[in-house]
Amino acid sequence: MKKIKRVFENSGIECGLLYFYIHFITEIVCFYSLNKIAGDSILLWIAPLLYDTFAFIPQSLIGYFSDKYPKIKIGLIGIILLILSAFLLNKQILPNILISLSLLSLGNAFIHISGAEITLKTSNGLLSPSAIFVSGGSFGVITGTLLSKNNISPWIILILAITMFPFYFLAEFEKKEQNQKNPCKNFNYHNPKINPKRIIFLTILIVVIRGYMAYGIPTAWKKTTIQAVLLYSFMGFGKALGGILSDIYGAKKIALRSILGSLPFLLFGNHIMWISLIGILLFSMTMSTTLGILVSTLKNTPGLAFGLTTIGLFLGTFPIFFIKINSFIINSILIITLNTFCFIIILKIMKGRST
């Protein structure tokens, strides 16, 4: 009970909830816009690829820049870029579409780094705030997609983007209240006996695998809108739950059990929705662990640490644009191999408890 109380009394939870909303609205704007930009045109394939490239890859550079110049309001820049993107989208002409896509990608990148920086720096070494922040994206992706398919006016999306401002300023106020000199000093999830560069490489490798599995896991059962909503909701719940349970019971314990526990559900859930959803939820719980490990090895540059995870996600999702494996046997071999590999890496590079 004391552990649970400690997690929810931690002041960083407020920032996690505030940025949950900001992240949620960000992805609504982005995926509504992506669906409107691509439509049934030639951009259907290339627009998501360009978006992923320019939203994910630059985050490590933006994060490093934010670490070095913390007074620059990265989140505010991101929100303004998203609003400009949504405004341009109201006039569907090619120059506007291309500019809108560019602003959309960069706005997403800036907001992600801002959310990571604030939730990590106000968390006192706990994983819950950043996990809650990140989980908002899954709910935003499916909501934005559904809004675009139901012909919601772009002006409503623009208004939603504007609503991020008060949440952003409240989060900035919470961050200012703490004003710690070494805000990430309590992140100690890594094994100090292993070379930090090796830990960084292996952790990014886990993120690559998780990125691939998130989109490459066979889900033949997903045929209706409700099923799509459930899929993304379970991803989101898994990300948040992983951080909360890690803070209560220990990150290494939760990571290892969720990786192993997800295996049978991922293997046999292709045609059975609830089995698949349990596997997706369990595997999504590793998100907070990988971020915690990277921040532990890069305490002075949490923005860079978060940016490295987005590069890993991009590398993991990139193959999905070109190839989709439908063979049950090949998928089973891949899932078993990749899950086992992640389990071994976590076992080696993490310490038992950090708090």
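FYI, side chains are in, hydrogens and waters are out, and symmetry mates aren't considered; it's all heavy atoms of this structure.
At least one donor-acceptor pair under 3.5 Å links the side chain of S135 to the backbone N or O of I132. At distances below 3.5 Å, at least one donor-acceptor pair connects side-chain atoms of K252 with backbone N or O atoms of M350. Side-chain N or O atoms of Q59 include one that pairs as donor or acceptor with a backbone N or O of A55 at under 3.5 Å. Listed for the N35 side chain is no donor-acceptor partner under 3.5 Å among the backbone atoms of T145. Looking at T53, its side chain does come within 3.5 Å of a backbone N or O of L49 through a donor-acceptor pair. The closest donor-acceptor contact from the side chain of S296 to the backbone of G292 lies under 3.5 Å. Distance alone, capped at 3.5 Å, places no donor-acceptor pair between the S114 side chain and the F110 backbone. With hydrogens and angles ignored, the 3.5 Å screen pairs a side-chain donor or acceptor of Y189 with a backbone N or O of G125. Looking at N150, its side chain never comes within 3.5 Å of a backbone N or O of I152 through a donor-acceptor pair. Judged by distance alone, with hydrogens and angles left aside, the side-chain atoms of S276 form no donor-acceptor pair with the main-chain N or O of I272 at under 3.5 Å.
Between S233 atom OG and L281 atom CG the span is 10.5 Å, to the nearest 0.5 Å. Interatomic distance, CD1 of I28 versus CD1 of I142, reported as 11.0 Å (0.5 Å rounding). Atoms CD and OH, from Q227 and Y232 in turn, are 13.5 Å apart once rounded to the nearest 0.5 Å. Taking OG1 of T286 as the reference point, atom CG of N339 lies at 9.0 Å (rounded to 0.5 Å). In this structure, CG in L170 is found 15.0 Å from NZ in K175, a value given to the nearest 0.5 Å. Residue L103 holds its CG atom at 6.0 Å from CG of L81, rounded to the nearest 0.5 Å.
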Requested in this report: Mind running side-chain contact (heavy atoms from CB on, under 4.5 Å) on L263 and F283 for me, showing each step along the way?
Outcome: CA-CA 8 Å; L263 187 55; F283 197 79; over 6 Å; no

Requested in this report: Report the C-alpha separation of L291 and L127 in whole Å, then their side-chain angles, then the decisive distance to 0.1 Å, and conclude whether the side-chain contact (heavy atoms from CB on, under 4.5 Å) test is met.
Outcome: CA-CA 8 Å; L291 179 57; L127 299 178; 6.0 Å; no

Report task. For the pair I254 and T289, evaluate side-chain contact (heavy atoms from CB on, under 4.5 Å) and give the outcome as yes or no after the intermediate values. Result -> CA-CA 9 Å; I254 294 300; T289 304; 5.9 Å; no

Requested in this report: Show your reasoning for whether side-chain contact (heavy atoms from CB on, under 4.5 Å) applies to E172 and I118.
Outcome: CA-CA 8 Å; E172 283 290 322; I118 287 180; 3.2 Å; yes

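Closest approach of G303 to I113, counting heavy atoms only: O-CD1, 3.6 Å. Closest approach of C15 and E174 over heavy atoms only: SG-CB, 3.4 Å. P302 and L120 get closest at one heavy-atom pair: CB-CD1, 3.9 Å. For I83 against A161, the heavy-atom pair with the smallest separation is CG1-CB, 3.8 Å. Of all heavy-atom pairs spanning L146 and V229, the tightest one is CD1-CG2, 3.7 Å. Taking every heavy atom of both residues into account, N186 and N124 meet most closely at CB-O, 3.6 Å.
Counting only heavy atoms from C-beta outward, the side chains of I22 and Y19 approach each other to under 4.5 Å. Looking only at side-chain heavy atoms (C-beta outward), K253 and L245 stay at 4.5 Å or farther from each other. Between I259 and M285, every side-chain heavy-atom pair lies at or beyond the 4.5 Å cut-off. Within the 4.5 Å cutoff, side-chain heavy atoms of M273 are placed close to those of L230. Using a 4.5 Å cut-off on side-chain heavy atoms (C-beta onward), L147 and I156 make no contact. A heavy-atom distance below 4.5 Å is not found between the side chains of L202 and I293. For the pair R210 and L313, the minimum side-chain heavy-atom distance is below 4.5 Å. Annotation: side chain of K239 is in contact with side chain of S138 (closest heavy-atom distance under 4.5 Å).
Under the 4.5 Å side-chain contact rule for hydrophobic residues, Y249 and M287 share a cluster. A single hydrophobic cluster is seen to contain both I99 and F87, as judged by linkage of ILVMFWY side chains at heavy-atom distances under 4.5 Å, directly or through other members. Hydrophobic cluster membership is shared by I336 and L260, with clusters built from Ile, Leu, Val, Met, Phe, Trp and Tyr side chains linked at under 4.5 angstrom. Y32 and I159 are not part of a single hydrophobic cluster, where members link through side-chain heavy atoms under 4.5 Å apart. Residues L104 and I162 share a single hydrophobic cluster, defined by chaining ILVMFWY side chains whose heavy atoms lie under 4.5 Å apart.
Proximity of the aromatic rings of F318 and F314 is defined here by a centroid distance below 6.0 angstrom, and this criterion is met. Taking the six-membered ring for Trp and the full ring otherwise, the centers of F139 and F237 sit less than 6.0 Å from each other.
Classification of the F133-F306 ring pair by plane angle, with boundaries at 30° and 60°, yields tilted. A perpendicular orientation is assigned to the rings of W274 and F234, their planes being inclined by more than 60° (bins at 30° and 60°).
Heavy atoms of other residues, nucleotides or ligands lying less than 6.0 angstrom from CZ of F201 number 12 at most. Taking a 6.0 Å sphere around CZ of F54, one finds it holds 12 or fewer heavy atoms contributed by other residues, nucleotides or ligands.
Side-chain atoms of T163 and Y21 form a donor-acceptor pair, as typed in the model, at a separation below 3.5 Å.
Partner of S85 under the side-chain hydrogen bond (donor to acceptor under 3.5 Å, both in side chains) criterion, chosen from S33, S102, S105, S100: S100.
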